[in-house]
Amino acid sequence: MSGAMSKTDQRRRAPVSKAPFTVGELKKAIPPHCFQRSLVRSLYYVVKDITLLYVFSYIANTYFHLLPYPYYYLAWPIYWIAQGSVLTGIWVIAHECTHHGFSNYQWVDDTVGFILYTIIFVPYFSWKYSHRRHHSNAGSLEYDEVYVPRLKSELRWFSKYLNNVPGRVYAFITTLNVGWQSYLGFNASGRQYDKFASHYNPYSPMYNDRERLAVYISDLGLLAFAYVLYRIALAQGLVWLVCMYGVPLQVQNMLVVLLTLLNHTHASVPHYDSSEWDWIRGALCTVDRDFGVLNLFFHDVTNTHVLHHLFTTIPHYHAVEATKAVKPLLGEYYQFDGTPFYKAIWRDLNDCIYVEKLEEYKDRGIFWYNNKL
């Protein structure tokens with residue numbers, strides 16, 4: 001596979017020279033129907049995922065209490081993982097709505113996306129705005145919105161004490177468990193602003209005056225749904241709510257961190273300062289990953305992420321075909337890592353601690369990951 005990394009060559013650096021192709025040439029290589037958005041087909045995936053959520057929850061609520069020991073205690077983790085995976089698919093569809101990739105109608109996309117994100121506690125419009133700026137500035141050390149790597153000089157004083165196996169385990173567990181909530185709440189791993197930034201604050205420096213009302217609407221949606229959950233807890237009990245909804249939601253939060261981190265963090269891809277960055281270079285600072293059968297639950301979001309950064313409105317059900325179409329033209333600029341995700345996450349958290357210039361790029365604004373503390 002041209003541009004793909006074998007399991008023995010996962011640290012081969014991506015090319016940093018100016019791309020020998022244009023976005024227009026890439027677009028011409030993709031079959032025109034891949035850019036067509038079908039409201040009926042998009043709604044089909046929403047209905048399918050919601051049906052799976054209902055079926056899994058019905059089985060758990062109706063039959064789990066009838067299971068003898070130890071099957072009762074084995075059934076719940078299976079339910080949590082399965083339900084969390086389906087919720088991740090809901091997250092992916094709502095993410096597609098933020099890019100106007102769900103239908104030809106912006107109001108439909110925003111309505112569906114707002115509902116879906118609200119029920120998994122994501123502020124729809126708030127994240128829509130910051131995420132679009134991420135796509136506009138991917139790979140930029142100054143202006144990217146998320147997974148912005150630190151320079152070695154910016155590392156915290158305690159970093160060297162975490163540069164061991166126990167420290168890495170702690171970092172791994174912390175990142176998976178609170179990474180998504182921390183990013184939404186106080187911009188952890190995000191772009192540095194001159195004052196406190198949060199997706200829940202309409203007056204955060206992340207937003208301009210035209211966006212603030214929509215941020216309020218996102219917050220009100222979350223408050224309304226929190227009240228719904230409060231009423232459910234009164235009726236069914238807090239333990240019931242945590243088991244049926246709370247734990248699957250946390251599994252989904254962890255999967256979102258896992259998926260997005262692996263697509264944007266890899267020792268093979270560079271980051272650029274403003275002297276070198278351009279949009280297409282930044283868009284190619286991503287890596288496709290293969291989650292096997294889980295790709296079906298995740299609507300192929302991880303194995304077509306390079307394409308997504310190039311053409312954000314292509315719906316997920318055309319993304320695999322479109323990726324195959326552009327790969328020959330992308331050549332070595334296309335990055336894929338087939339390492340199993342449970343190995344890749346540990347490796348990349350160990351390899352990608354900070355970025356710095358290499359000797360051969362010392363006079364250019366090109367930075368690569370390193371882990372030598």
Side-chain angles (χ1 to χ4, degrees), residues 10 56 76-92 94-95 117 119-123 127 130-131 134 144-150 155-156 158-159 161-191 198-200 242-267 269 286-295 297-299 301-303 305 337-354 369 371:
Q10 282 124 1
F56 291 160
W76 278 109
I78 295 173
Y79 165 77
W80 292 332
I81 293 172
Q83 199 77 315
S85 297
V86 177
L87 285 174
T88 304
I90 293 287
W91 185 96
V92 171
H95 157 258
Y117 261 165
I119 65 174
I120 54 175
F121 267 93
V122 179
W127 191 74
S130 70
H131 186 64
H134 157 62
D144 199 352
E145 285 288 340
V146 67
Y147 292 124
V148 182
R150 293 181 181 273
L155 292 179
R156 305 289 180 83
F158 52 79
S159 297
Y161 299 107
L162 295 178
N163 192 33
N164 49 51
V165 173
R168 293 286 171 253
V169 171
Y170 169 79
F172 172 72
I173 293 174
T174 302
T175 298
L176 282 187
N177 278 280
V178 301
W180 177 234
Q181 300 93 327
S182 298
Y183 173 62
L184 293 177
F186 50 88
N187 198 36
S189 84
R191 173 184 169 185
S198 170
H199 285 77
Y200 304 108
V242 169
C243 289
M244 295 297 295
Y245 172 77
V247 179
L249 181 66
Q250 178 59 12
V251 170
Q252 175 247 291
N253 291 338
M254 295 168 70
L255 286 172
V256 167
V257 172
L258 182 64
L259 271 57
T260 56
L261 190 149
L262 286 176
N263 280 140
H264 293 93
T265 305
H266 199 285
V269 295
T286 53
V287 180
D288 280 356
R289 309 277 190 160
D290 187 359
F291 277 70
V293 68
L294 290 176
N295 291 336
F297 287 95
F298 304 155
H299 302 303
V301 70
T302 60
N303 54 317
H305 200 72
D337 190 343
T339 305
F341 70 89
Y342 50 87
K343 293 182 179 179
I345 187 67
W346 176 252
R347 184 200 66 209
D348 292 343
L349 283 174
N350 278 277
D351 287 354
C352 305
I353 308 301
Y354 60 89
Y369 276 113
N371 63 355

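Throughout, numbering of the chain's residues begins at 1 and tracks the sequence. Since the model is a prediction, treat every value here as computed from it, not as a measurement.
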Under the rule for ring pair (Phe, Tyr, Trp, His ring centres under 6.0 Å), what residues qualify as partners of [X], not counting sequence neighbours?
| X | answer |
| --- | --- |
| F341 | F291 |
| Y245 | none |
| F297 | none |

(request) Using a strict cut-off of less than 4.0 Å between a Lys/Arg side-chain nitrogen and an Asp/Glu carboxylate oxygen, indicate whether D337 and R347 qualify as a salt bridge. (result) yes
Side-chain atoms of residues 172-180: list all donor-acceptor pairs with protein atoms under 3.5 Å, sequence neighbours left out, distances to 0.1 Å.
unit_1: T174; atom_1: OG1; unit_2: Y170; atom_2: O; d: 2.8
unit_1: T175; atom_1: OG1; unit_2: A171; atom_2: O; d: 2.7
unit_1: N177; atom_1: OD1; unit_2: Q250; atom_2: NE2; d: 3.4
unit_1: N177; atom_1: ND2; unit_2: I173; atom_2: O; d: 2.8

If you look at every heavy atom in [X] and [Y], which pair is closest and at what distance?
| X | Y | result |
| --- | --- | --- |
| P123 | H199 | CG-CB, 4.1 Å |
| A267 | C352 | N-SG, 3.6 Å |
| Y369 | H264 | OH-O, 4.4 Å |
| S85 | L294 | OG-CD2, 4.2 Å |
| P248 | C243 | CD-O, 3.6 Å |
| L249 | I120 | CD1-O, 3.6 Å |

Drop me the distance from [X]'s [atom1] to [Y]'s [atom2], to the nearest 0.5 angstrom.
| X | Y | atom1 | atom2 | answer |
| --- | --- | --- | --- | --- |
| H266 | D348 | NE2 | CG | 5.0 Å |
| N295 | N303 | CG | CG | 4.0 Å |
| L255 | L87 | CG | CG | 9.5 Å |
| T339 | D290 | OG1 | CG | 10.5 Å |

Mind checking what makes side chain to side chain donor-acceptor pair (under 3.5 Å) contact with [X], not counting sequence neighbours?
| X | result |
| --- | --- |
| T260 | Y147 |
| E145 | Y193 |
| D144 | H134 |
| T286 | none |

Can you list everything that forms a side-chain contact (heavy atoms from CB on, under 4.5 Å) with [X]? Sequence neighbours excluded, please.
| X | answer |
| --- | --- |
| A82 | F56 |
| R168 | L162, N163, W346, N350, I353, L373 |
| N263 | R289, T302, H305 |

Going by heavy atoms in the side chains, are [X] and [Y] under 4.5 Å from each other?
| X | Y | result |
| --- | --- | --- |
| Y117 | W127 | yes |
| Q83 | Q252 | no |
| N187 | S198 | no |
| V251 | T88 | no |

(request) Take V287 and L262, measure what side-chain contact (heavy atoms from CB on, under 4.5 Å) needs, and give me the verdict at the end. (result) CA-CA 7 Å; V287 180; L262 286 176; over 6 Å; no
